[in-house]
Amino acid sequence: MLESATDFIRQQIDRELAAVVGPSAVVTRFPPEPNGYLHIGHAKSICLNFGVAEEYGGRTYLRFDDTNPLAESLEYVKAIQQDVAWLGFDWGDRLTFASDYFERLHQCAVKLIENGNAYVCSLSQEEIRQTRGTLTEPGVDSPHRNRSVRDNLDLFARMKAGEFPDGAHVLRARIDMASPNLNMRDPVLYRIRHAAHHNVGDAWVIYPTYDFTHCICDALENVTHSLCTLEFEDHRPLYDWVLDNLSLNARPRQIEFSRLGLEHTVMSKRLLQRLVSEGLVEGWDDPRMPTLAGLRRRGVRPQAIRDFCSRVGVTKQDNQVAMELLEFCVRRDLEETAPKGMGVVNPLRVRLANYPGDGEALEAPWHPRRPDLGRRSLPFGPVLHIDREDFAVMPPPKWKRLSPGAHVRLRYAYIIRCDEVVTGANGEVAELICSYLPNSKSGSDASGVKPAGVIHWVAAHAAKPAKLRLYERLFKERSPSGADFMASVNHSSLAIASGLVEPALATSREAHFQFERVGYFHRDPKLPNTYNRTVTLRDSWRPPSGGQPS
RNA sequence: UGGGGUGUCGCCAAGCGGUAAGGCACCGGGUUUUGAUCCCGGCACACGCAGGUUCGAAUCCUGCCACCCCAGCCA
């Protein structure tokens, strides 16, 4: 049916569809719990669920798995919707909440009780834990396991009515306390929680657990393929057991795939939370965070994230994807779409001794290969700023930048030569006295001089000061270990430079730019006059000795 | 020592009995007014290990080994 099945899940769907006679539909769902921000690992799941449905002409639900009122809030519900939409996926009118189904879930629970498949257990949480057994030893039956249906119904009704405090009773599935699968040892289906719920308020004091809820919601929404991560593999027998013991029309199947692992970062909510609470980052949307909010603020576009997800693939293998792949996708996307201007990170003053007048307006395209992006005016003048990295008093071999006596092309402007180096009090280069070649203007060069290279610059009289936030990896190690991951935090992952940008860039309505020869930058949506470095440009220049290239 | 999974190039990942795709990274070369982009070329006699079946095995069988997940009234 499909010319190229790209992963084991799509292959399975292909096989299923090939065996089906009548019409068939593929229905998936992305089911986040609204208890935190989405990260790039979620993006993998979102791309999979929405992608599969789209490819097979099906549909996808955005369903909030909100069965634990203690952890969830409306703030996250909103943020998650924003992130999914930002990625470019449309759930149409299929925005649902597990809590929308609380009434029907309750009916299902009553049905299980009536059929002898569930019972009210009055053991304490501690007692349940102690009687569950271990990995190698079976558990022991609850003393309440054989309560009569009538008693169970009565107790469950009173639980629902709010007669008991939290923890007094739970509803348990009656399966097998000796099962080698711990999830099947009479798992809890409902617990008492006197807590307000972000969606249904205080309508309920008993809340269903994930295992009971998820499969039923899938069935109610006619989900055909319930795609989740590997740690739920052991839950599949329970998922199936619940549905087997209810008579719902649909029969969804759970398929598990591996989570995304990314080098130099962590993906667990707990660890990310620590970074935020301990002030190692400036919030959930800090551009160093792997959250979608962080990536967005950093300047990563959804197209790049989608490309990344498709390149990473979907398998059951544990994986740790190189950060280089994400960076590749980001550059690839921005290279085509971002206007290219000039920004200087560490300004070094350059005075053109032979330049007459106050200055002139040059012109340049926003993108050499994208004339549709237009052109901008580029002020030039007698005093300029170049990047300090582009000048060397004693240049290493094959130096293609400025140095005493050397010629260099100022991008889209003139060729200059460094005639004199003015040194400051503490021996540092304070200023460069240069001369320019009047007949070397970009586009009409008649100088015949072949410069060593091309460097970027801004005119002192027109440049706008800007804070440039330069980010590096949040973790020094590729795999920050869970235990001492704090020790591998890169405390110099943010450097703030006082730079200069060309005026057209500062007034542009665009948000993403390439600063030529420096990197891709994104105007920060919160901080004024600030640009976040999304990613550097690739740099294959390696100094023969121990130089300091950009 | 219970159950469930996974092992193919540094990192991802195709392959599904017929003699190892692709991407990233890396290494060469070309183009270039970004040491960028782009283009060309190189990069696993080898598929966790050991046996076996077969004319033929990464693919089938057996046995080992390694790693991941599970003992929440979290999801």
Side-chain angles (χ1 to χ4, degrees), chain A residues 4 6-7 11 31-33 35 65-68 70-72 121 123-125 128-130 132-139 166-172 179-185 187-193 206-207 209-211 213-214 228-237 256 258 260-261 263 269 308 310-329 331-332 335-336 340 342 364 368-369 398-401 408-413 415 440 442-443 445 451 453-456 478 514-519 536-542 549-550:
Chain A
S4 60
T6 53
D7 58 62
Q11 286 176 18
E33 182 188 19
N35 69 343
D65 223 333
D66 55 352
T67 56
N68 180 9
L70 265 25
E72 301 149 5
C121 179
L123 256 26
S124 69
Q125 186 163 3
I128 288 180
R129 191 178 65 75
Q130 283 170 351
R132 182 150 31 226
T134 68
L135 294 178
T136 53
E137 302 163 313
D166 288 8
H169 309 279
V170 290
L171 183 71
R172 289 228 254 170
S179 171
N181 182 344
L182 289 278
N183 295 118
M184 300 299 271
R185 319 242 264 226
V188 170
L189 269 23
Y190 265 90
R191 71 286 216 194
I192 301 171
R193 282 250 220 281
I206 56 172
Y207 290 93
T209 57
Y210 163 84
D211 284 308
T213 306
H214 206 87
C228 64
T229 42
L230 249 29
E231 67 271 24
F232 291 102
E233 255 170 336
D234 287 340
H235 293 246
R236 185 164 12 109
E256 311 85 7
S258 57
L260 171 70
E263 288 180 345
K269 198 165 294 174
F308 173 75
S310 77
R311 285 165 185 272
V312 153
V314 178
T315 70
K316 292 176 85 82
Q317 281 156 245
D318 290 336
N319 59 81
Q320 193 76 3
V321 177
M323 186 60 87
E324 284 83 355
L325 181 62
L326 212 210
E327 293 171 344
F328 168 82
C329 294
R331 291 191 185 104
R332 203 170 92 102
E335 164 63 29
E336 281 308 305
K340 303 178 178 196
M342 291 193 279
R369 286 181 294 105
K398 298 187 179 164
W399 182 247
K400 294 173 69 171
R401 312 177 191 183
V408 90
R409 157 80 62 188
L410 296 177
R411 178 72 159 157
Y412 292 131
I415 293 173
S440 68
S442 184
D445 184 3
V454 181
I455 64 173
H456 56 99
R478 284 186 184 275
Q514 181 193 109
F515 288 8
E516 294 208 45
R517 304 206 316 126
V518 179
T536 62
L537 254 33
R538 263 187 94 237
D539 186 5
S540 60
W541 159 246
R542 294 181 313 288
S550 55

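Hydrogens, waters and symmetry mates play no part in the numbers below; they use all other heavy atoms, side chains included. Residue numbers start from 1 in every chain, and the chains themselves are labelled A, B, ... in the order their sequence lines are given, proteins ahead of strands.
- Applying the 5.5 angstrom centroid cut-off and the 30 degree plane-angle cut-off, the aromatic ring of A/Tyr210 is not stacked upon the base of B/A75.
- Contact of A/Asn181 with B/G4 (side chain to base): no donor-acceptor pair of N or O atoms is detected under 3.5 Å.
- With both ends at atom P, the span from B/A20 to B/C45 equals 11 Å, rounded to whole Å.
- Remark on RNA chain B: of its neighbouring residues A/Leu326 and A/His169, the 5'-side contact belongs to A/Leu326, judged by nearest-heavy-atom nucleotide.
- Distance noted for atom C1' between B/G5 and B/U53: 27 Å (whole Å).
- You won't find any donor-acceptor pair under 3.5 Å spanning the side chain of A/Glu336 and the base of B/U37, going by distance alone.
- No N or O donor and acceptor, one from the side chain of A/Arg517 and one from the base of B/G35, sit under 3.5 Å apart.
- A/His456 contributes no side-chain N or O that forms a donor-acceptor pair with the base of B/A36 under 3.5 Å.
- Neither OP1 nor OP2 of B/C11 sits under 4.0 Å from any side-chain N or O of A/Gln320.
- In textbook terms, a nucleotide whose glycosidic angle is within 90° of 0 is syn, and B/G72 is one such case.
- Put simply, the side chain of A/Thr136 and the base of B/U1 share no donor and acceptor less than 3.5 Å apart.
- No engagement by A/Leu410 is indicated, since no non-hydrogen atom pair under 4.0 Å with the nucleic acid exists.
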